[in-house]
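As the structure is a computational prediction, the values presented were derived from the model and not from experiment.
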Amino acid sequence: MMNLSRPSHSILLILFFMLAINSTSALTKYNVLNFGAKPNGKTDSTKAFLMAWKAACASADSTIIYVPKGRYLLGSMAFQGGCKSPQIIFRIDGTLVAPQDYRVLGKSTDWLSFEGVNGVSILGGALDAKGPSLWACKASHSNCPSGATTLSFTNSKNIRIRSLLSLNSQMFHIVINGCENVNVQGVRIIAAGNSPNTDGIHVQLSKNVNIIKCSIKTGDDCISIGPGTKNLWVEQVTCGPGHGISIGGLAKDLKEEGVQNITMKKTIFLGTQNGLRIKSWARPSTGFVQGVRFMDSLMVNVQNPIVIDQNYCLHNLNCPNQVSGIKIKDIIYEGIRGTSSTQVAIKFDCSSKNPCTGI
C-alpha cells in the first residue's frame, strides 16, 4: 500500500532551506551595482552580473549576490559551478529584462543557466524574457529561432527558487535537469494561453524536487515531467491557462529512464486543455511510470480532466504508429472533482502490448 504522507526527503529539504534563510545575516554581500550593473533597463549589465558571480563563487564564505530595485538588461548568461562558497543566494529586488530583439536570446538554448552548482538560491525578483515578439514570428511561420529557456539548472544540488516571477518566456520558463534536492515555492509564471512551447516548470532526470504554492498561467504544460524523475512532490499549484500537468511525452527514445514516486496534491485547473495527464509516444521504450498519486484536485471547465494517452502524437504529424513500450502501473486518483468542458472527462488509452495496471 502506498504511503500518501509527505516523504521524509521533503521534510528534510524544507528544514534545510528554512535554516539557510535564517542565516542570511552572516553572509558576505556582493551588490551588482558595485560591479557596474545599471538599473535603467537600457545598459547591458551582463558582464557585471558574471563578475559578481565570479567573486561570490570564489569566496570561502556563504554569500549573497544582491540585485537592488530597477530594471537590468541582460543577455544569455551561464553561471558555472565548482565554487568555494557553500551557499550563494541571488536576492533580487529588481527585474531582469531580456534584449528587445528576440533574435539576441533566440539563438541561445538558455537565458539564465546554472550548471553544476550546489547550494544556490534565487529569492524574489522578476524575469522578463520579452517572448511575445518571438511568438508572433512563429505564428507567422517565418524563419524564426527556437527561443531560449528563461531559467535552467543542470546537474546541480540543493537549489531553492522562491517568490520569483517569470514573465513571457521565449520557450520553457524553468527547467530542472539532472538535479537533486530542489525546492520551488511561491513562484508565479505568466505567459499568453496561445504562446508556443512555454512550459511552466519542466523536470527531468532529477530527484527530490518540491513544487509548492505556485501559480502558472502559460501556453503549454504548466508542469511537465520527463524521464528519470523520481520523488517529485507538487502541492497547492494553480494551473490555467495551459495544457495542464503532464508526465511525458515519454518513449522519445528506446532506452529511457522511468518516472516514479510522483505526488500531486491540492491542485487547481482553470479552463485548461488537460488536467492530470500521462502521455507517451506509440513506439518501443524501456521506460515506465509507477507510483503516482493524484489527490484532491479541482477541475474548472477543463477539456480533458484525466488522461492516459499512450498514442500521443503532437499535431498528428509524423506519428510513429507503433505500440508504446512504456509500462504504466500503480496510479492513484483520489478526490478529483469539478467540471469537464467536453463529453469525456476520463480517458484511458493504454498500450495494447503493455496495458496499464493498478489504476
Checklist entry - Please walk me through it: do Gln290 and Asp330 pass side chain to side chain donor-acceptor pair (under 3.5 Å)? => result CA-CA 5 Å; Gln290 68 180 40; Asp330 298 333; over 6 Å; no
Next on the checklist: For the residue pair Gln303 / Gln273, report whether a side-chain donor-acceptor contact shorter than 3.5 Å exists.
Outcome noted: no
Item to check | Single-linkage hydrophobic cluster, 4.5 Å side-chain cutoff, Ile174 and Leu74 together | outcome: yes
Next on the checklist: Tell me whether Asp199 contacts the main-chain N or O of Ile201 through its side chain, where contact means a donor paired with an acceptor under 3.5 Å.
Outcome noted: no
Next on the checklist: Here's a test for you: under ring pair (Phe, Tyr, Trp, His ring centres under 6.0 Å), which of Tyr72, Tyr66, Phe79, Phe35 qualifies with Phe49?
Outcome noted: Tyr72
Item to check | Distance (rounded to the nearest 0.5 Å) between Arg160 CZ and Asn210 CG | outcome: 13.5 Å
Checklist entry - Is any NZ, NE, NH1 or NH2 atom of the basic residue among Arg337 and Asp296 found under 4.0 Å from an Asp or Glu carboxylate oxygen of the other? => result yes
Item to check | Over all atoms of both residues, closest heavy-atom pair of Trp111 and Leu105 | outcome: CD1-CD2, 3.4 Å
Checklist entry - Does any N or O in the side chain of Asp221 come within less than 3.5 Å of the main-chain N or O of Ile223, such that one atom is a donor and the other an acceptor? => result no
Item to check | Tyr333 with Phe269, same ILVMFWY side-chain cluster at under 4.5 Å | outcome: yes
Item to check | Under 3.5 Å donor-acceptor, Thr150 side chain and Ser169 backbone | outcome: no
Item to check | Ring centers of Phe90, Tyr30 separated by less than 6.0 Å | outcome: no
Item to check | Between Arg293 and Asn261: side-chain donor-acceptor atoms closer than 3.5 Å | outcome: yes
Next on the checklist: Would the distance check show the side chain of Asp110 and the main-chain N or O of Leu112 forming a donor-acceptor pair, the cut-off being under 3.5 Å?
Outcome noted: no
Next on the checklist: Hydrogens and angles aside, do Gln310 and Asp349 bring a side-chain donor and acceptor to less than 3.5 Å of each other?
Outcome noted: no
Checklist entry - Sub-3.5 Å donor-acceptor pair from the side chain of Thr149 to the main-chain atoms of Leu151, do we have one? => result no
Checklist entry - Are any of the side-chain nitrogens in Arg103 or Asp101 under 4.0 Å away from the carboxylate oxygens of its partner? => result yes
Next on the checklist: Would the distance check show the side chain of His202 and the main-chain N or O of Gly226 forming a donor-acceptor pair, the cut-off being under 3.5 Å?
Outcome noted: no
Item to check | Identified side chain to side chain contact (heavy atoms under 4.5 Å, CB included) partner of Val67 from the options Leu96, Leu33, Asp93 | outcome: Leu96
Item to check | Over all atoms of both residues, closest heavy-atom pair of Lys130 and Ala98 | outcome: CG-O, 3.6 Å
Checklist entry - How long is the span from the CD atom in Gln204 to the OG atom in Ser224, to the nearest 0.5 Å? => result 8.5 Å
Checklist entry - Same cluster or not: are Leu250 and Val234 linked, directly or through other Ile, Leu, Val, Met, Phe, Trp or Tyr residues, by side-chain heavy atoms under 4.5 angstrom apart? => result yes
Item to check | Met171 reachable from Ile189 in the ILVMFWY side-chain graph, under 4.5 Å edges | outcome: no
Item to check | Test item: Glu256 side-chain N/O and Ala251 main-chain N/O as donor-acceptor pair under 3.5 Å | outcome: yes
Checklist outcome for this item: Tightest non-hydrogen contact, residues Val302 and Asn274, listed as CG1-C, 3.6 Å
Item to check | Check: Ala148 main-chain N/O paired with Gln170 side-chain donor or acceptor under 3.5 Å | outcome: yes
Checklist entry - Do Ile308 and Ile359 touch side chain to side chain, with heavy atoms closer than 4.5 Å? => result yes
Item to check | Under 3.5 Å: donor-acceptor pair, side chain of Ser156, backbone of Val117 | outcome: yes
Item to check | Side chain proximity check, Leu270 to Thr272, heavy atoms < 4.5 angstrom | outcome: no
Next on the checklist: Side chains of Ser59 and Thr28 only: does a donor on one sit below 3.5 Å from an acceptor on the other?
Outcome noted: no
Checklist entry - So, do Val209 and Asn231 sit near enough that their side-chain heavy atoms are less than 4.5 Å apart? => result no
Item to check | Gln80 atom CD: more than 12 heavy-atom contacts under 6.0 Å | outcome: yes
Checklist outcome for this item: Correct closest heavy-atom pair for Asp61 and Pro86 would be O-CD, 3.7 Å
Item to check | Aromatic Tyr312 / basic Lys279 pairing, under 6.0 angstrom, 45° off normal | outcome: yes
Item to check | CZ/Arg188: more than 12 non-hydrogen atoms of other groups inside 6.0 Å | outcome: no
Checklist entry - Do Lys38 and Asp44 pass the salt bridge (charged side-chain N to carboxylate O under 4.0 Å, His left out) test, and can you show the C-alpha distance, the side-chain angles, and the key distance before you say yes or no? => result CA-CA 8 Å; Lys38 303 296 182 186; Asp44 189 342; over 6 Å; no
Checklist entry - Can you name the nearest heavy-atom pair linking Ile211 to Cys214, along with the distance? => result CG2-SG, 4.0 Å
Checklist entry - Is there a donor in the side chain of Thr218 and an acceptor in the side chain of Asp220, or the other way round, less than 3.5 Å apart? => result no
Item to check | Which atom of Ser85 lies closest to which atom of Thr63, heavy atoms considered | outcome: OG-OG1, 3.4 Å
Next on the checklist: With heavy-atom distances below 4.5 Å as the criterion, would you say the side chains of Ile268 and Ser297 are in contact?
Outcome noted: no
Checklist entry - What about Trp53 and Leu164, same hydrophobic cluster or not, with Ile/Leu/Val/Met/Phe/Trp/Tyr joined at side-chain heavy-atom distances under 4.5 Å? => result yes
Next on the checklist: Using a 3.5 Å distance criterion without hydrogens, assess whether the side chain of Asn354 forms a donor-acceptor pair with backbone atoms of Ser324.
Outcome noted: yes
